[in-house]
Amino acid sequence: MATGRGFIPYFLIEEVRSRADILEVVSEYVQLKKSGGNFRGLCPFHSEKTPSFNVSQEKQFFHCFGCGASGNAFNFLMKIENIAFPESVRLLASRYGITIPDSVDGNRKEKDEREVLYELNRSAAEFFERQLQHPQTGARARKYIQDRGISQETSKRFLLGFAPDSWDACLSYFQKKGNSLALLEKAGLIKASEAKDKFFDRLRNRIIFPFHDTRGRVVGFGGRLMEDDKNAPKYLNSPETLIYKKGKILYGIYHAAKGIQDAGFAVIVEGYFDFLTAFQNGIENVVANSGTAFTEDQANLIKRHTENVTMIYDADRAGKSASERGFEILLKQGLRAKVAGLPEGEDPDSFLRKHGSEKFKGILKNAKPFIEHLISSALEEEGILDSVERKTFHANKILDFIRKIPSNIEKNEYLNILSERLKISEKALHSDLIKFSGVRVETLPKQIARPKKNGRLALAEQCERGLALLMIQHPEWIKKVREKIALQDFKDPAIHGIASVLFEQDSIGNALDVDKIIELLPTEEQKSIAAALTMEAAEYEDPERVIADFAKGMKKKDIKDRLHEIQKKKSFAAKMLNVDEFSVLKENESALRRDLN
């Protein structure tokens with residue numbers, strides 16, 4: 001068999017599929033809790049506050065009832081890592097000790113461009129690290145790092161480096177290795193001059209902080225000047241590339257993943273040195289957003305390991321604004337946020353170096369839920385309780401955040417606290433909350449009743465869905481269903497489409513499993529419904545009896561529809577005094593009623 005680019009033989013794919021456990025795979029990205037026969041957690045593919053993401057270890061399948069994402073371990077990795085199918089197979093194979101020789105990729109001479117960029121970045125990290133350790137070239141940078149309290153062990157662990165004060169040190173290094181200018185530019189390591197006639201190093205005379213993705217691969221770099229320069233920014237990051245998207249990376253997430261899971265919460269700081277000093281002092285559940293605005297993708301990275309976050313930004317105005325933006329994003333992603341306050345003028349790096357890890361841990365322990373932190377911060381303003389204007393300003397600001405909390409119970413609790421602490425009528429706060437949001441806050445959330453459907457239609461839908469569920473989970477019973485039910489008896493378009501595929505595959509003798517069924521379905525709606533059905537509990541003591549009951553329920557609906565049509569025709573025949581037609585219709589009606597009973 002000829003092999004094309006990215007081809008992996010079917011028998012190897014099946015070996016990986018049979019060895020991989022989807023629960024183990026998904027658990028590396030999503031916090032899952034046992035729920036009946038499945039496992040449930042917050043979906044990593046869309047924003048949600050109530051878990052709707054389900055994993056079935058028995059069926060080796062996942063499905064989100066919120067966004068409809070579904071599939072097997074390969075599909076999950078493809079979606080969450082943004083990789084192609086062959087790469088997902090290789091990734092799983094490496095995790096389970098299965099060797100896939102390079103030769104199966106069609107003996108290609110060039111590797112996938114992503115892999116080339118990963119290799120270039122790894123090699124660049126090694127180059128920058130060697131420059132830092134060079135006796136002369138890196139002397140000043142080493143002293144700077146040492147003066148910031150970072151040990152040599154920590155420096156090596158996080159691959160800290162130094163970009164020499166040269167226009168082409170990195171460029172020359174890679175050119176000697178035979179790397180093309182085009183690839184170096186795609187990796188973000190070099191930049192073309194304005195005239196486009198030559199290239200130069202993007203990072204120069206800077207301390208280098210490599211960025212690692214969740215798999216530990218170097219995807220980009222952050223560079224920091226050692227002294228202020230009016231003509232250059234203090235911090236400069238790699239440009240966005242095929243493998244580096246700044247809003248999708250958190251500095252330290254690869255190293256902190258286990259610490260976050262062990263501690264049960266993540267600590268978010270702002271800068272590289274905040275992170276390094278905290279980690280060096282035993283705070284191993286810490287990550288940094290490194291000067292970029294906090295994003296939903298970054299919140300999702302944290303959500304893979306915990307639902308609890310403590311923000312500890314600088315105590316200045318910019319830090320407060322960052323914590324406010326961060327809270328909104330964390331809340332949207334279904335995470336619980338606290339704020340740990342530092343003394344004025346301090347950041348985590350400076351505080352830890354002055355006071356040590358125990359006092360820092362005490363600050364983390366005393367972190368307040370974000371809304372309580374806002375209230376406490378407002379009360380620190382001198383004379384606020386005596387100023388109607390300032391009191392109103394802070395109350396409205398805090399109400400803006402309370403509105404975004406999904407739980408009505410929490411809303412009411414915070415309204416009580418705000419009323420008590422700022423000495424404002426709870427009724428007035430409640431009124432403003434409703435006035436500006438258009439949402440009524442109840443003491444307890446009301447049960448929302450589902451609209452009732454016509455009983456006959458509900459029964460038919462239930463029977464069709466029940467048969468589809470039985471056939472998907474027990475393909476060996478499809479033949480029995482085909483004996484009792486014709487394809488045209490499935491009236492719901494989506495269920496009809498699912499039944500059509502199942503009937504066809506069974507008729508030609510194809511073995512069916514969940515993956516195969518989902519793959520064959522033509523529409524996203526059908527795929528989503530089928531995936532949802534795979535996650536439902538379905539045990540049948542007597543499948544033949546179940547099939548007969550469902551078939552009877554579907555036929556009852558059909559018979560009742562036909563009876564309704566006959567009654568209309570009988571009425572018309574009576575008006576027209578058409579005795580013969582009336583008699584025939586009456587006989588048909590009697591026969592259908594016998595079938596109905």
Side-chain angles (χ1 to χ4, degrees), residues 125 128-129 132 141 144-161 206-214 216 218-226 234-238 244 246-263 265-295 297-299 301-302 304-306 309-316 318-319 322-323 326 330 339-340 342 346-357 359-361 363-364 367:
F128 291 134
E129 188 180 24
L132 178 64
Y144 179 88
I145 292 171
Q146 185 179 353
D147 290 346
R148 294 295 299 258
I150 302 303
S151 69
Q152 188 171 3
E153 181 185 355
T154 299
S155 178
K156 285 184 176 295
R157 181 171 186 177
F158 294 96
L159 299 179
L160 299 194
R206 292 175 182 270
I207 304 291
I208 297 298
F209 304 86
F211 299 145
H212 295 84
D213 66 8
T214 55
V218 178
V219 295
F221 302 93
R224 188 195 193 283
L225 290 176
M226 290 175 283
K234 181 187 290 188
Y235 291 98
L236 183 65
N237 288 355
S238 296
Y244 170 62
K246 65 181 180 180
K248 294 179 179 288
I249 293 291
L250 277 170
Y251 185 63
I253 187 66
Y254 172 70
H255 298 88
K258 187 177 185 303
I260 292 171
Q261 291 170 354
D262 291 345
F265 71 103
V267 178
I268 303 178
V269 296
E270 284 189 88
Y272 307 125
F273 282 108
D274 292 330
F275 167 84
L276 292 168
T277 305
F279 209 96
Q280 183 172 281
N281 278 273
I283 321 297
E284 296 190 356
N285 56 325
V286 62
V287 293
N289 60 315
S290 309
T292 61
F294 193 68
T295 67
D297 287 319
Q298 290 172 332
L301 288 178
I302 293 171
R304 296 180 185 182
H305 308 291
T306 184
V309 175
T310 296
M311 296 180 287
I312 185 162
Y313 290 137
D314 296 353
D316 57 16
S323 67
L330 292 167
V339 177
L342 289 171
E346 297 278 17
D347 58 32
D349 173 39
S350 64
F351 186 90
L352 276 160
R353 285 194 283 147
K354 288 178 188 175
H355 306 288
S357 61
K359 285 194 175 182
F360 187 80
K361 288 176 181 177
I363 284 178
L364 292 178

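Distance check, rounded to the nearest 0.5 Å: CD1 of Ile208 to OG of Ser238 gives 8.0 Å. Remark: Gln298 CD to Lys246 NZ distance equals 10.5 Å, nearest 0.5 Å. The structure places CD1 of Ile249 at 13.0 Å from CG of Asn289, a figure rounded to the nearest 0.5 Å.
Under the rule for a ring-ring contact (aromatic ring centres under 6.0 Å, His included), the partners of Tyr244 that lie at least two apart in sequence or sit in another chain are Phe211. Every side chain to side chain contact (heavy atoms under 4.5 Å, CB included) that Ala263 has, sequence neighbours left out, goes to Phe265, Asn285. Residues that satisfy the side chain to side chain donor-acceptor pair (under 3.5 Å) test with Arg304, not counting sequence neighbours, are absent from this structure. Considering only residues two or more places apart in sequence or on other chains, Gln146 meets the side chain to side chain donor-acceptor pair (under 3.5 Å) condition with none of them. For Phe351, the ring-ring contact (aromatic ring centres under 6.0 Å, His included) partners two or more places apart in sequence, or in a different chain, are His355. Checked against side chain to side chain contact (heavy atoms under 4.5 Å, CB included), Gln152 has the following partners two or more places apart in sequence or in another chain: Gln133, Lys156. Remark: Tyr251 engages no residue in a side chain to side chain donor-acceptor pair (under 3.5 Å) (not counting sequence neighbours). Not a single side chain to side chain donor-acceptor pair (under 3.5 Å) links Glu129 to another residue, sequence neighbours left out. With sequence neighbours excluded, the residues that form a ring-ring contact (aromatic ring centres under 6.0 Å, His included) with His212 are His255. Among residues two or more places apart in sequence or in another chain, the ring-ring contact (aromatic ring centres under 6.0 Å, His included) test is passed with Phe221 by Phe128.
Counting only heavy atoms from C-beta outward, the side chains of Tyr235 and Arg206 never approach each other to under 4.5 Å. Phe275 has its side chain out of reach of Phe209: every pair of non-hydrogen atoms, C-beta onward, lies at least 4.5 Å apart. Put simply, the side chain of Phe279 does not reach to within 4.5 Å of the side chain of Thr154, judged on heavy atoms. Inter-residue side-chain proximity for Val287 and Ile260 is flagged as met; some heavy-atom pair is nearer than 4.5 Å. Two residues are said to be in side-chain contact when any heavy atoms from C-beta on lie closer than 4.5 Å; Ile207 and Tyr272 fail this criterion. Put simply, the side chain of Leu250 does not reach to within 4.5 Å of the side chain of Ile268, judged on heavy atoms. Taking 4.5 Å as the limit, every side-chain heavy atom of Glu153 sits out of range of all side-chain heavy atoms of Gln280. Under the 4.5 Å side-chain criterion, counting only non-hydrogen atoms from C-beta, Phe360 is in contact with Pro348.
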Please lay out, stage by stage, how Thr306 and Gln261 fare under the test side chain to side chain contact (heavy atoms under 4.5 Å, CB included). CA-CA 6 Å; Thr306 184; Gln261 291 170 354; over 6 Å; no

Pair Leu342, Ile312 - check side chain to side chain contact (heavy atoms under 4.5 Å, CB included), show working. CA-CA 7 Å; Leu342 289 171; Ile312 185 162; 4.0 Å; yes

Derivation of the side chain to side chain contact (heavy atoms under 4.5 Å, CB included) call for Lys359 and Lys354: CA-CA 10 Å; Lys359 285 194 175 182; Lys354 288 178 188 175; over 6 Å; no

Walk me through it: do His305 and Ile253 pass the test side chain to side chain contact (heavy atoms under 4.5 Å, CB included)? CA-CA 10 Å; His305 308 291; Ile253 187 66; 4.2 Å; yes

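A pairwise comparison of heavy atoms in Ser155 and Leu132 identifies OG-CD2, 3.8 Å as the closest pair. Counting all heavy atoms, side chain and backbone alike, Leu352 lies closest to Ser357 at CD2-CA, 3.8 Å. In this structure, Glu270 and Asp274 approach most closely via the heavy-atom pair N-OD2, 3.9 Å.
Among residues at least two apart or in separate chains, salt bridge (charged side-chain N to carboxylate O under 4.0 Å, His left out) pairs with a member in residues 248-261 are Lys248-Asp297, Lys258-Asp262. The list of salt bridge (charged side-chain N to carboxylate O under 4.0 Å, His left out) pairs with a residue in residues 277-290, not counting sequence neighbours, is empty.
Panel note: side chain Arg224, backbone Leu236; no donor-acceptor pair is recorded below 3.5 Å.
Considering Leu276, Val286, Ile283 in turn, Val286 is the only one that fulfils the side chain to side chain contact (heavy atoms under 4.5 Å, CB included) rule with Val269.
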